[in-house]
Structure formats: C-alpha cells, structure tokens
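In what follows, a single structure is set out as structure tokens and then discussed.
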Amino acid sequence: MDFGLTEEQRIMLDTARDFSRSEIRPLANQHYHQDQRIPAAALDEVIKKANQLRLLDYYFPESFGGLGIEDRTIACLITEELAWGDAGIAVHLMASGLTAKAIDAMGTEDQKRQWLAGFTNPDNQPVLPKVGAFCLTEPGSGSHVLGLSTSALREGDHWVLNGTKMFITNGGRADLYIVVAQTDPKAESTPERAAGLGAFVVEKGTKGLSSSSDMKKWGVLASNTTEVVLENVRIPVENRLGGPDGLQGGGMAGVYETLEVTRVGVAASALGIARAAFDEALAYAKQRVQKKPIIHFQAVSHMLADMETEIQAARLLTWKAAWMAEKKVPFERGEGSQAKYYASEIAVRACLKAIQIHGGYGFMKEYNVGRWLNDAIVYRIWEGTSEIQKNTIARYLSNVES
Ligand SMILES: Cc1cc2nc3c(=O)[nH]c(=O)nc-3n(C[C@H](O)[C@H](O)[C@H](O)COP(=O)(O)OP(=O)(O)OC[C@H]3O[C@@H](n4cnc5c(N)ncnc54)[C@H](O)[C@@H]3O)c2cc1C
C-alpha cells in the first residue's frame, strides 16, 4: 500500500488547487460576502478557464477527445480541490459529468461517439463545453426510484415521453437531458418495473421539453436547479441508451452503475467542504484571542482534532472506493455508499464546529463557514440520502458471508 502521490496525481492536484485558490474562492467571496448571486457571465468565464486547463474532461477516453486519465484518485483530488474553493461553483463546473457517466455506463459505442464528443476539449480551447442534465427524481418519487411515473411509449420509429422531473441540476441550461422513464405501462411488480426502466437522450430545443425557473435554495448557490417537464416529447428510437431495446435486464442496472460511481465523486466534494471549514477554523482559532489564542482552550482544540480525524477517515474511505471502482473490484460492502454517507455527514459536522469556533462571526455572511454548512447539508440528500446509503450498505452486508 502506497499513500504517496504519483507525479501525474501531484500535477493534477496542483493545477486544481491553484485554480480553486485563484479563480473559485475569490469569485465566491466577492459575491457571497455581499449576499449577491454570482452573475452567469462570471460563471461562464470560470467554466471556460477550467475547461482550458482540462479540469472538466480529463477522465474521458482519448478516443472521445478527453485526456484518457483513468486514475480515479486523480478525480478525487481534483473534485476535493474544486469543492474546497466553493461547492456550488464546483457543482456548476462538474455536474455535466453525471450525464456523461450515464452515457458512458448505458450507451452503445455509437451513442458514446455521438453524444460524448461535445463534453471534451481536445484542442485546449477556452470554450464552454456541452452541458448535461441527469433527470431521475420526480415530484412524487425520489428515494423510491422504481416509483417514478414518467412514461416512454414506443410509437413506430419514435419514443414519446411524458412526465415531470424535479430538482434537476442544469435544468434549462443543458444541451442534453438524460431522462429515466418507464417503458412498460403494465409493469406492477418490482422486477417488472426495474426491467421497464429506460434512459433516453433528449436534446435541447426538442418540442415539448421545458423547464421551470431556477429554484431558490439555501446552498450550492452557483448551481441551478429546476423542474423539467416533458409533454409528448417525441425522440427517435436511437435515442434510447443501450440501443432501441435498451439495456439487457432493464435500465435500473445502468442507473445504479451510474450512481455507484458518481457517489465517490460526491464524497470527494463533501470532503472539500469539510476541509475548507477545517482550514478556516484552524486559522481563526490560532489568531482569535480571548485572554489567550482560543486554540489553547482544550474544548476548541478538541473540536479541531475531531474534524481532522474525521476528514482523514472520510478521505481514506473515498480513495478506497475510488481505487476499487478503477480496478473494477466489485463493491462488496457498499463501499461507494460508505464513502458518500460518511463524507457528507462529517462535512456537516465540520461546518457546525467551524461556526462554533468562529463564535458570533461564524454566524455572519462576511464569513464563509455558515454558507458552507448549507452547502454541506445537500450532500446528505442528493444522489441518495444518508438513510438510503445506509439501506444500501446494509443490503450489501446481508450478502456478505460472515
Ligand atoms: C440541489 C439539488 C439538486 C439535485 N439535482 C438532481 C439532479 O440533477 N437529478 C436528479 O435526478 N435528482 C436531483 N436531485 C434530487 C435528489 O437526488 C433527491 O432530492 C433525493 O434523492 C431525495 O429524494 P426526495 O427529495 O424525493 O426525498 P424523499 O425520497 O421523499 O425522502 C424524504 C425522507 O424520507 C427518507 N426515506 C425515503 N425513503 C426511505 C427508505 N426507503 N428508508 C429510509 N428512509 C427513507 C429520506 O432519507 C428522507 O429523509 C437534487 C436535489 C437537490 C436538493
């Protein structure tokens, strides 16, 4: 076991860290300390710069225009650094990756060639990449994925989609929407519903596709979130991922495969927030004097010791799950869920402690730690709530031989 970084890992880490310090954190501070939204044009500039540095497409195969970096530890390093700068901006930069992962996990080779291309930047240009949205959640179905009611019905050479998707990141601004829908109107049992699920590519501008305005949130403020409505959306049969008849065994396996892997990235983002909160709390505890620097009060230093230990533990879980995914070692104990569950929980705890260490200043918008608490909380909710992660871990454990 070697915990040192390779030269390539170090280079990518330094690139992401420099970018986060010089571009992401200052932009967030400039606007959020004044309680303002970051203008879309300023966010576009950050995306272009990140794209030019290849921080957005490094993991795509070279054949699709990416850098072909398969090392998942690099993905963890980059993600943690970007989220350290500001989680909302990081989500805005990276959310299309979920769409790309879905195409990669469920698409045929032809579909990957057709739809992955615009997500990459082989010529290192300062341009906006293609934007994607992954549409799974619905107003009436979140954790219970199989309860979704968006339908996809075959009519000759087309699929016709109807339904409403909820809380969709990049809704309204995406070029491509991956819509998970039920193809079997008669499906009732769990296996039938799982087999009937399909994932469909709907391109921006398709008749019948619309989205609400950006929903108002407590955290990850730079990222947009909308409802997405599909009203008699007709798409060619070729737009079903996995081919006209979909994936063998149904779409649920593809959805799980997509989320199992992206969960590791979600864990790395939560870790970035936790580390940001720790860094600010440590610096503050050293310089804030109440008779003596407050770090010398055991109650304060123990909070920092807890934060540090939990961050290190979360990072190890995250890196291990990343390593397993990269080496195709199957998760046997829900390792992806363990990482996502633990990292998001400790991120919330780290932010609460950071606010406490800052005293009254921690409650002011001029300081970051209160905002980061709101950012951290959503990590316990999206891509499977903490409760669902525990269900998943328990499901794996029930199959482990003792
Ligand atoms: C900012 C934001 C962005 C998002 N972006 C996207 C996106 O791009 N695409 C997308 O598809 N979705 C997205 N989501 C949706 C997110 O994944 C869901 O909110 C999440 O899966 C929870 O679903 P829900 O909100 O319907 O909660 P519910 O499923 O209704 O859960 C409510 C509560 O009940 C608990 N619960 C539910 N079922 C169980 C169970 N079986 N066992 C134990 N407890 C249970 C939950 O843990 C939770 O505490 C986003 C959400 C947010 C907040």
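Computation of the quantities below employed the complete heavy-atom set of this structure, encompassing side-chain atoms and omitting hydrogens, waters and symmetry-equivalent molecules. If you're wondering where the values come from, they're calculated on a predicted model, not measured in any experiment. Order of appearance sets the numbers: ligands from 1, and atoms from 1 within every ligand.
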State, to 0.1 Å, how close Asn170 and Gly132 come at their nearest heavy-atom pair, and which atoms those are.
ND2-O, 2.9 Å

Identify the two heavy atoms, one from Ser211 and one from Thr226, that lie closest to each other, and give their separation to 0.1 Å.
CB-OG1, 3.7 Å

Should the ring pair Tyr367 and Tyr284 be called parallel, tilted or perpendicular, given that the plane angle runs from 0 to 90° and is split at 30 and 60?
perpendicular

Proximal ligand 1 atoms for [X], defined as those under 4.0 Å from one of its heavy atoms:
| X | result |
| --- | --- |
| Asn391 | 40 (C), 41 (N), 42 (N), 43 (C) |
| Val378 | 1 (C), 53 (C) |
| Ile168 | 7 (C), 8 (O), 9 (N), 10 (C), 11 (O) |

Please test Lys327 against Glu335 for salt bridge (Lys or Arg N to Asp or Glu O under 4.0 Å), starting from the C-alpha separation and ending with a verdict.
CA-CA 14 Å; Lys327 302 291 178 209; Glu335 285 85 348; over 6 Å; no

Determine whether the side chain, the backbone, both or neither of Thr137 has a heavy atom under 4.0 Å from any heavy atom of ligand 1.
both

Return yes if some donor-acceptor pair links the side-chain N/O of [X] with the main-chain N/O of [Y] below 3.5 Å, else return no.
| X | Y | answer |
| --- | --- | --- |
| Gln182 | Asp184 | yes |
| Lys320 | Ala339 | no |
| Ser269 | Ala83 | no |

Sole candidate of Ile178, Thr183, Thr150 that passes side-chain contact (heavy atoms from CB on, under 4.5 Å) when paired with Phe200:
Thr183

Hey, is [atom] touched by any protein heavy atom at less than 4.0 Å?
| atom | answer |
| --- | --- |
| atom 34 (O) of ligand 1 | no |
| atom 40 (C) of ligand 1 | yes |
| atom 23 (O) of ligand 1 | yes |
| atom 15 (C) of ligand 1 | yes |

Check each of [options] against [atom] and report the one with the nearest heavy atom.
| atom | options | result |
| --- | --- | --- |
| atom 1 (C) of ligand 1 | Lys217, His144, Glu383, Gln389 | Lys217 |
| atom 46 (C) of ligand 1 | Leu148, Asn170, Val91, Thr385 | Thr385 |
| atom 7 (C) of ligand 1 | Phe167, Trp382, Trp218 | Phe167 |
| atom 29 (O) of ligand 1 | Gly171, Ser223, Ser143, Gly142 | Ser143 |

Do any nitrogen or oxygen atoms of [X] lie less than 3.5 angstrom from nitrogen or oxygen atoms of ligand 1?
| X | result |
| --- | --- |
| Glu387 | yes |
| Glu138 | no |
| Phe134 | yes |
| Met166 | no |

Using distance alone, with no hydrogens and no angle criterion, decide if Asn121 and Arg54 have a side-chain donor and acceptor under 3.5 Å apart.
no

Which residue and atom name correspond to the protein heavy atom nearest atom 21 (O) of ligand 1, and how close is it?
Ile381 O, 4.0 Å

Would you call Arg263 and Glu383 a salt bridge, using N to O less than 4.0 angstrom?
no

